[in-house]
Structures are given as structure tokens and as C-alpha cells.
Amino acid sequence: MGCSFSGLNALYDATNSGKDVWINENRYRIIRQLGEGGFAYVYLVKMLPIASSHPSSAAPKKFKDPSHVSGLSLSLSLSLSLSLQNCIALLIDFLPNLNWYIDYNVGINCSSNDGTYAMKKILIQNSNQLEVVREEIRVSSLFSHPNLLPLIDHAIISIKIAVVSYLRLQMALPFHFLRRDWGLNPGYVFSEQKGNLPLPVQEGSWKHEAYLLFPVHLDGTLLDNATAMKAKKEFFSTPDVLHIFRQICAGLKHMHSLDPPYAHNDVKPGNVLVTYRKGQPPLAILMDFGSARPARKQIRSRSEALQLQEWASEHCSAPFRAPELWDCPSHADIDERTDIWSLGCTLFGIMYGVSPFEYALEEPEGSQQLAIANAQIKWPAGPNPPYPDTLHKFVTWLLQPQATVRPRIDDIIIHVDKLISKFSP
């Protein structure tokens with residue numbers, strides 16, 4: 001459903017630590033940045049009390065078409081000569097009068113004990129990226145499992161800012177008049193005498209920002225932990241390796257069991273959150289469904305094969321990408337077993353902190369693809385005593401270059417349960 005809230009504070013505050021941002025009916029205080037990558041930023045946020053939440057006393061506006069992202073009802077005219085600080089001050093003067101509109105939200109009844117969450121902010125550059133974000137939100141709403149990260153809430157904000165001619169604006173009014181007397185009619189400035197002075201406004205483009213709210217897991221990802229442990233020459237114990245892996249399998253089984261089955265398409269240690277628990281194995285949660293798609297696809301031509309390879313090169317991390325996504329035959333049936341290859345690489349990563357094909361990055365170009373195509377695994381030095389040989393054979397079983405002989409998730413879970421029974425204290 002769509003709803004509105006007043007003020008540009010969401011735009012201004014969401015970019016500054018210690019400030020506030022609105023996601024639908026709730027207000028969150030940004031505590032600190034947790035990470036960033038590409039056009040996305042992840043923040044630790046804390047929900048503020050409801051009593052101080054909504055800044056507008058006006059009734060929320062709703063859209064007839066919930067799939068439509070609407071935008072700011074006013075085009076803002078800014079001088080190119082103004083400093084960033086002054087531009088922000090100018091925007092803030094509009095707070096009581098402007099409405100922001102947000103896309104319909106997908107909510108899950110999930111909350112944090114202390115009111116803290118992880119908020120992902122995505123800067124959307126074009127319509128294609130907007131559709132990708134919408135698809136991630138839609139796909140995330142399909143899953144409900146304790147080992148899959150739930151999307152609690154989201155908002156997509158649309159802003160339209162037009163640019164006014166530099167000279168005309170400078171001649172029109174000094175900046176301090178703009179701050180005090182800017183009116184609400186698009187393309188007009190009101191002076192101290194309240195005289196309307198029309199200005200030619202250039203057509204601006206729509207800009208979007210998405211805010212996605214998730215439960216927070218401050219112990220980081222498997223990649224974070226593996227990197228830190230590797231630096232100290234530490235390793236997960238065999239039981240912890242198996243328990244972490246078993247939870248990832250459980251999350252994937254949920255995705256693979258849908259109708260139609262969904263593939264995650266980017267299973268890797270960097271997309272697995274861990275939380276350490278006293279007296280228990282670490283909790284593992286699979287996240288980031290931006291690449292998740294229906295798993296089964298028929299390839300019946302060279303052009304379709306090339307399209308799949310191009311898509312995979314953009315959405316599936318190279319060291320964890322299945323061979324059939326590197327070099328797809330012109331006649332192939334792709335299914336969820338692309339995830340099984342990534343799962344085998346991830347198991348190797350839990351054990352040794354790297355992909356089994358990471359070594360090929362230091363070799364001539366094309367070596368990594370060749371190593372993956374032939375499943376050429378190099379076992380690095382491990383703990384003392386070393387991991388059992390049955391665990392190495394388990395990894396090799398998952399990393400079958402031919403997808404048709406790769407095991408399915410149900411078979412993997414049966415096998416890992418037997419290993420847990422064998423190696424648990």
C-alpha cells in the first residue's frame with residue numbers, strides 16, 4: 001500500500017549518521033554505517049518511539065495503483081551557484097509543505113528485541129535499476145524461513161528536482177530571500193513583497209532511493225569471520241562447519257521447494273550472516289535475494305545460451321559460479337543445481353576462508369574458468385588436526401562439473417545430517 005509523509009528530512013537525514021529516516025509509518029535513527037558496495041549502503045538503525053514518529057498530522061494519501069512509484073508533488077528549482085550546505089538548508093525550509101510518496105510495502109511480522117535493525121539504502125540510477133530493486137522486494141516476500149533473511153519493511157522514494165538557469169535565478173533573488181520566501185507554485189519564486197516572479201524551469205528527471213529494513217546481525221558475514229580467522233590462523237571446528245552448512249542448506253531447501261523452484265544464484269560466504277550463540281553452534285542466515293530467480297530455464301539456442309551467460313556474469317560471483325553458467329550449451333535444461341555448485345564452494349569457504357578456485361585469480365586470464373570447468377580443487381593448509389577426509393569428499397561430491405550428476409538439496413541434507421551425527425561431540 002502507498003502512504004505519504006511530510007518533509008525532506010528523509011532525504012537529508014538518511015545520508016548522515018545520527019539523523020533520522022522514515023520508512024512508511026516508522027521513524028529510525030541512523031546509528032552508524034555498517035558497509036557499502038556499488039550504489040548501496042547498509043546502516044545500523046534504531047526505531048524511535050511511536051509517539052515521536054510521524055511528523056505530519058495530515059491523513060496519509062494512498063495510491064489507486066500500488067505498483068506505481070509516485071513522486072514529489074513539487075519540482076524544486078535550485079541555483080547551480082549555491083553551495084551544498086545552502087542547498088540543503090533551502091530544501092529543509094520546505095519541510096512543512098512537501099509530501100513524499102513511497103511505493104507499497106511488503107511487511108513481515110518480525111522485530112528486533114532492542115529496536116535495532118539493518119537498513120539498506122539503494123541509490124537507483126535508472127528505470128532498469130528500479131525494476132531490479134522492485135523484483136528483489138517481490139522475490140524476498142516469497143520466502144519465510146528462519147535461515148533466510150526476512151525483509152521487514154521497505155520504501156521506494158521518488159524525487160523530481162528541476163534545474164533553473166544560473167543567471168536568471170541569480171538575478172531573481174538573493175539566497176536569503178529564497179530561504180525565507182520560496183513559494184509552492186512550481187517555477188515561481190516569491191519575494192519579500194510577495195510578488196510573483198516567473199522563472200523558466202528546465203524539466204528534471206525522476207530520481208529514486210530505496211530503503212530496505214532487515215533484522216540486524218552484528219557478528220557480520222561468514223566472509224568477515226573467515227577473513228578475521230584466517231589472519232589469526234584459526235578455523236571453525238568440524239561440528240561448527242557442518243552446523244553452519246546445514247542451516248544454509250535448510251534455507252536453500254525452502255527456496256528450491258517453492259512452485260516454481262527458486263535459485264538464489266549467488267550463494268557465497270559474503271551472503272551468509274552469522275550470529276554467535278553461547279553454548280550453541282553459530283546461527284547462519286542466507287541473505288541478498290537480488291539475483292534470485294525461478295531456477296528452471298530451457299536453453300534452446302545459442303543466443304539464449306549467450307544471454308544466460310551474460311546475465312550470470314552480472315549476478316553470480318565468479319569464484320562461486322557453476323560451470324554451466326560460464327559456458328552454457330545451446331541445448332540445456334538449467335535448474336536449481338546451479339546453487340549446489342555454489343553451495344560446495346561455500347562449504348569449502350567455511351572450512352578454509354576462500355573459494356576452492358580463488359587461487360586461479362593469480363594465474364593467467366581464463367585460468368579460473370578452466371579450473372571451475374574441470375573442478376580443479378587445491379586444498380590449502382587447514383587446522384591441526386586436519387578436517388576429516390570424509391568432509392573433503394563431501395565437498396568434491398557437490399562440485400560435480402556436470403550439473404545432471406550433481407546431488408539435489410534433499411540428498412545433501414540427508415548426508416550432512418549423517419556427518420553431524422558422526423562428528424558431533
Side-chain angles (χ1 to χ4, degrees), residues 40 67 104-108 110 120 122 128-154 210 212 214-215 221-222 245-273 284-299 304-305 307-318 320-326 328 332-347 398 400 403-404 406-414 416:
S67 66
Y104 66 102
N105 67 81
V106 179
I108 294 177
C110 178
K120 181 180 180 181
I122 307 171
N128 288 338
Q129 291 180 4
L130 177 60
E131 289 307 311
V132 168
V133 172
R134 281 175 163 174
E135 181 65 9
E136 179 178 353
I137 291 168
R138 185 194 70 81
V139 170
S140 296
S141 70
L142 299 175
F143 312 134
S144 178
H145 190 275
N147 297 113
L148 298 177
L149 187 69
L151 175 63
I152 298 172
D153 203 356
H154 85 271
L212 281 60
F214 302 97
T221 66
L222 265 178
F245 182 74
R246 175 62 172 82
Q247 293 174 77
I248 302 171
C249 290
L252 269 186
K253 176 179 168 61
H254 178 77
M255 297 180 67
H256 292 185
S257 300
L258 294 178
D259 185 15
Y262 268 72
H264 184 280
N265 287 314
D266 202 20
V267 178
K268 60 182 181 180
N271 281 337
V272 178
L273 292 165
I285 296 180
L286 187 61
M287 66 169 184
D288 194 348
F289 305 107
S291 299
R293 296 291 184 275
R296 296 174 183 177
K297 184 176 181 63
Q298 290 186 332
I299 304 298
E304 289 180 348
Q307 287 175 10
L308 178 62
Q309 288 174 204
E310 183 179 358
W311 182 88
S313 68
E314 296 176 0
H315 294 85
C316 311
S317 300
F320 300 86
R321 192 187 311 158
E324 61 270 26
L325 299 180
W326 282 92
C328 182
D333 293 322
I334 305 298
D335 63 27
E336 56 270 27
R337 282 174 288 187
T338 55
D339 277 348
I340 302 305
W341 177 276
S342 304
L343 196 59
C345 296
T346 299
L347 175 56
L398 302 178
Q400 300 278 355
T404 53
R406 228 174 276 153
R408 294 187 181 272
I409 193 65
D410 289 332
D411 298 324
I412 295 169
I413 289 176
I414 291 171
V416 75

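Note that the numbering runs from 1 along the sequence shown for the chain. Hydrogens, waters and symmetry mates play no part in the numbers below; they use all other heavy atoms, side chains included.
Ring to ring, H256 and Y262 are not that close: their centroids are 6.0 angstrom or more apart.
Between atom CG of residue D339 and atom CD1 of residue I409 there is a gap of 8.0 Å, rounded to the nearest 0.5 Å. Atoms CZ and CD1, on F214 and I152 in that order, are 8.5 Å from each other to the nearest 0.5 Å. From H264, atom NE2 reaches atom NE2 of H254 across 12.5 Å, with rounding to the nearest 0.5 Å. The CD1 atom of I285 sits 8.0 Å away from atom CD of Q247, with the distance rounded to the nearest 0.5 Å. A distance of 4.0 Å separates NZ of K120 from CD of E136, quoted to the nearest 0.5 Å. Put simply, CE on M255 and CG on N147 are 12.5 Å apart, with the number rounded to the nearest 0.5 Å.
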**Request:** Test Q400 against R337 for side-chain contact (heavy atoms from CB on, under 4.5 Å), laying out the working first.
**Result:** CA-CA 10 Å; Q400 300 278 355; R337 282 174 288 187; over 6 Å; no

**Request:** Begin with the C-alpha distance, continue with both residues' side-chain angles, and end with the deciding distance and a verdict on side-chain contact (heavy atoms from CB on, under 4.5 Å) for T221 and M287.
**Result:** CA-CA 10 Å; T221 66; M287 66 169 184; 3.9 Å; yes

**Request:** Could you walk me through whether L343 and F245 pass side-chain contact (heavy atoms from CB on, under 4.5 Å), step by step?
**Result:** CA-CA 8 Å; L343 196 59; F245 182 74; 3.5 Å; yes

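Within 6.0 Å of CD on E310 lie no more than 12 heavy atoms contributed by other residues, nucleotides or ligands.
Between the D266 side chain and the C316 main chain, no donor and acceptor come within less than 3.5 Å of each other. Under the 3.5 Å distance criterion, the side-chain polar atoms of N265 are matched with a main-chain donor or acceptor of S291. At distances below 3.5 Å, at least one donor-acceptor pair connects side-chain atoms of Q309 with backbone N or O atoms of C328. Side-chain atoms of W326 come within 3.5 Å of backbone atoms of R321 as a donor-acceptor pair (strictly under, hydrogens ignored).
Here the closest heavy-atom approach between residue A403 and residue E324 is recorded as CB-OE2, 3.5 Å. In plain terms, the two heavy atoms of I413 and C249 that are nearest each other are CG1-CB, 3.8 Å. Heavy-atom minimum distance, I299 versus A305: CG2-N, 3.6 Å. The two residues P407 and L398 have their closest heavy-atom pair at CG-CD2, 3.9 Å.
Taking 4.0 Å as the cut-off between side-chain N and carboxylate O, D410 and R408 do not count as a salt-bridged pair. In summary, D333 and R296 do not engage in a salt bridge, as defined by a charged side-chain N under 4.0 Å from a carboxylate O.
Partner F289 forms a side chain to side chain contact (heavy atoms under 4.5 Å, CB included) with one of L151, N271, L148 and no other, that one being L148.
When side chains are defined from C-beta on, L149 counts as touching P215, because their heavy atoms get closer than 4.5 Å.
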